[in-house]
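This report refers to the structure that appears directly beneath it.
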2 protein chains.
Amino acid sequence: MASMPTVTDVALAAGVSRQTVSNVMNSPGIVRADTRERVQAAIAQLGYRPHASARRLRTRRSSTIGIRLDPMIDGISGSVLDRFLHALTEQADKQGLRVLLFTATSPEDEITQLQRLNDGADVDGFVLTSTFAGDPRTKWLIENGISFVTFGRPWGTNDMNDPQHLWVDVDGWAGLHEATRAAQDGGARRIGYIGWPSPSGTGEDRRRGWRDAMLERGDVTEDDLALLEVVCEDGVAQGTAAMQELRRTAGTLDAVLCASDSLALGAMIANPERVPVTGYDNTPVAAAIGLSSVDQSVDEVAAGVLELLTGEFSGHVQGAPESDEPRHRMVKPRLVVREFAAIPMDVPGRATA
Amino acid sequence: MASMPTVTDVALAAGVSRQTVSNVMNSPGIVRADTRERVQAAIAQLGYRPHASARRLRTRRSSTIGIRLDPMIDGISGSVLDRFLHALTEQADKQGLRVLLFTATSPEDEITQLQRLNDGADVDGFVLTSTFAGDPRTKWLIENGISFVTFGRPWGTNDMNDPQHLWVDVDGWAGLHEATRAAQDGGARRIGYIGWPSPSGTGEDRRRGWRDAMLERGDVTEDDLALLEVVCEDGVAQGTAAMQELRRTAGTLDAVLCASDSLALGAMIANPERVPVTGYDNTPVAAAIGLSSVDQSVDEVAAGVLELLTGEFSGHVQGAPESDEPRHRMVKPRLVVREFAAIPMDVPGRATA
DNA sequence: AAAAAACATTTGATCGATCAAATAAAATCA
DNA sequence: TGATTTTATTTGATCGATCAAATGTTTTTT
């Protein structure tokens, strides 16, 4: 296999100069139409492909974004990040961007990695996931003037409309609000909620979606609402325990909403009356079991992240021009309703004869 | 922020030439100890980081491996590939290799992507997953002399010991054999198996592990064995149906092994007698539910892939020197035994009072 | 002690592309 | 028509590192 042709080879074949070839690829507008066609023909004929590293060396940009691959802490919910990663890779590809992975063992280690990739001109910017209040990574990136966008709003100090950095997030409030409404429209009055303990920005956001929808409708009193809510850490076993408690405290239960699919799966297990359970994240498990779930629309999140990273702010807030362009994207999740009966709960009493 | 220092800056600071700095980084052995230390001190002091693209342009290698991110077809089992991806990224990092992602919509499209990344000198080689018999990708890569290793042995035509390409795989036979032995050692005699229909190299491999272990022990006859086996497509619902059938045909059942965690989860649902069920892949779901499962040791697979990719064959078989070095790695999975009782199967009859 | 060999370091060229500035060609104006 | 602007294309320099070969040092050999 002969070595790859270069711009010079193409230029020679098309009877033009190197730079014209370069222009055809980068600013086709300034090249006369007939010249352009001639060059494009030569490119096609020789099978020319630009050498990515050479271009990066000269332009000082890599057309690559870095993202940390999390060590699946919670395996079930972790799949949201995987889906996001897939969507991001796919859409980045369409814009000529590449996605480079890295791993880290701690936020501090992650900063070391960020620095390494940035200094080595390996990436133009980063996408941060699983951010938390007082995250040292965002602080470091801002201080060093590096482009980045987070998947997850800055919980805590910042005003949402004047953030220190660009972000995209999913509106958990709207998701739970919609799920509650859907249950109510289906005739449910007493709708329970299994959520996470404080402090959890995400958890509180989702919880309020349920709470607000319940109070708006006015089917239950505030006091009653307290009995319809159980708080526990995330996990299947925890969900089962929470469901058992809910059935004890709540009295009648027409439906149950959960802050995650893990909890929902757990709740399902202690659910002999087949009370409709709705989860969050629309993970494969929910699909397999036939649980309704709130889907995070990772495609829209990925699109938003790329827009902010390559758009007007190009990944920065500091030093960016005055602009009315919003500095974040709030993505509305969508409720996926499933037929609950999909899971044949076989029990001793009715075991196959 | 001042622009990054270059080799020349370091050379100036250390009072040596560019090349010596380069040598300190790439062949430290040929630099005298005291010079080396002086250079290293300058590197540390200036915070020098080599410019990855410049290096790649000159050396004509990218220190990057490409891997396609699959569009999670089967969400549950898909997590094995995610874990593999994580392990690969982590270990590649330690060797100074980066992992670049890409997506594709079909094997043909994937070939286009492979070509693009290879021609653009973006990657040195590829890791292929989810290979199948007659895979056009392996054919294309071999024809074009591009480095690659597959996760998955070449099912079908090739002799395992004289393959056309390098591969790493997990020994499904050994996994099921061990799982069967473990059940037998626990006193089980009649051990059922829920597997996949032919033709499936992987499925047949696992099935034989169970079959061989059963016959070796001689607790059941060949005829009996046929009654202990059910075949169905992968999926939770399918697993449930298969379990119901197994309970009908098998008579007594001391344990059930499944070809996947999806099937195992399904089997669990139709399992009022709490017959021990073992899955395959050790997915988060298995962990959450408390199922025993065969773990694919993705760390070892990742290590094997990198060894083959960077080792003696450097990702090629064709044109490689005669060598006794094995051209594949067969990784032994390990059985993860879990307490079955972890899942509180609440049923109407014994619902909380 | 001079010659040869081994080791250590430096210099100039190069990888493939794009930038910035210079030149050539075409279009517009006086 | 000749001067001026606009548009199209080319040339030389450069990004930051490593290669190949040359030069300078030290060690070994005879």
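Chain letters run A, B, ... following the sequence lines, proteins first, then strands; residues in each count from 1.
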Assuming nearest nucleotide by heavy-atom distance, tell me which of B/Arg18 and B/Leu57 is located more 5' along DNA chain C.
B/Arg18
Is the closest basic N to carboxylate O distance between B/Lys94 and B/Glu90 below 4.0 Å?
no
Please report the shortest heavy-atom distance between B/Val149 and B/Val305, naming the atom on each side.
CG2-O, 4.0 Å
Between B/Asp124 (side chain) and B/Arg61 (backbone), is there a donor-acceptor pair under 3.5 Å?
no
Quick one, B/Leu306 and B/Ile65 - any side-chain contact, counting heavy atoms below 4.5 Å?
yes
Lys/Arg N to Asp/Glu carboxylate O, A/Arg116 vs B/Asp93, below 4.0 Å:
yes
Start and end of the DNA chain C segment that chain B contacts, any atom under 4.0 Å from a heavy atom:
C/dA8 to C/dG16
Please list residues of residues 34-46 of chain A whose heavy atoms come under 4.0 Å from any atom in DNA chain C, ordered by number; otherwise none.
none
Taking only residues two or more places apart in sequence, or in another chain, which ones meet B/Glu37 in a side chain to side chain contact (heavy atoms under 4.5 Å, CB included)?
none
Name each donor-acceptor pair under 3.5 Å that joins a side chain in residues 26-34 of chain A to protein atoms two or more places apart or in another chain, with its distance.
residue : atom : partner : partner atom : Å
A/Asn26 : ND2  : A/Ser22 : O            : 3.0
A/Asn26 : ND2  : A/Ser22 : OG           : 3.4
A/Arg32 : NE   : A/Asp34 : OD1          : 3.1

side-chain hydrogen bond (donor to acceptor under 3.5 Å, both in side chains) between B/Asp109 and B/Thr105, worked out:
CA-CA 6 Å; B/Asp109 181 37; B/Thr105 52; 3.1 Å; yes
Students often get this wrong, so: under 4.0 angstrom with heavy atoms, is B/Val21 touching a base, only sugar-phosphate, or nothing?
nothing
Tell me which one of A/Arg329, A/Gln91, A/Gln95 satisfies side chain to side chain donor-acceptor pair (under 3.5 Å) with A/Glu307.
A/Arg329
Return a single string for nucleotides 21-27 of chain D, one symbol per nucleotide in 5' to 3' order, where B is base contact, S is sugar-phosphate-only contact and - is none, cutoff 4.0 angstrom on heavy atoms.
-------
With heavy atoms under 4.0 Å as the rule, sort A/Val31 into base, sugar-phosphate or nothing.
sugar-phosphate
How far does the helix from C/dA1-D/dT30 to C/dA30-D/dT1 bend, going by the axes of its first and last five pairs, to the nearest 10°?
40°
Salt bridge or not for A/Arg49 and B/Asp122, using N-O below 4.0 Å?
no
Please give me the minimum heavy-atom distance between B/Gln296 and B/Val301, naming the atom from each residue.
O-CG2, 3.8 Å
Using a heavy-atom cut-off of 4.0 Å across all strands, would you classify A/Arg56 as base, sugar-phosphate, or nothing?
nothing
Sort out for me which residue in B/Thr129, B/Leu85, B/Leu81 forms a side chain to side chain contact (heavy atoms under 4.5 Å, CB included) with B/Leu69.
B/Leu85
Sort out for me which residue in B/Trp167, B/Phe84, B/Phe126 forms a ring-ring contact (aromatic ring centres under 6.0 Å, His included) with B/Phe151.
B/Phe84
By the 4.0 Å heavy-atom rule, please label B/Thr20 as base, sugar-phosphate, or nothing.
base
First encountered from the 5' end of DNA chain C, between B/Thr59 and B/Ser17
B/Ser17
When all nucleic acid strands are considered with a 4.0 Å heavy-atom cut-off, which category describes A/Arg61: base, sugar-phosphate, or nothing?
nothing
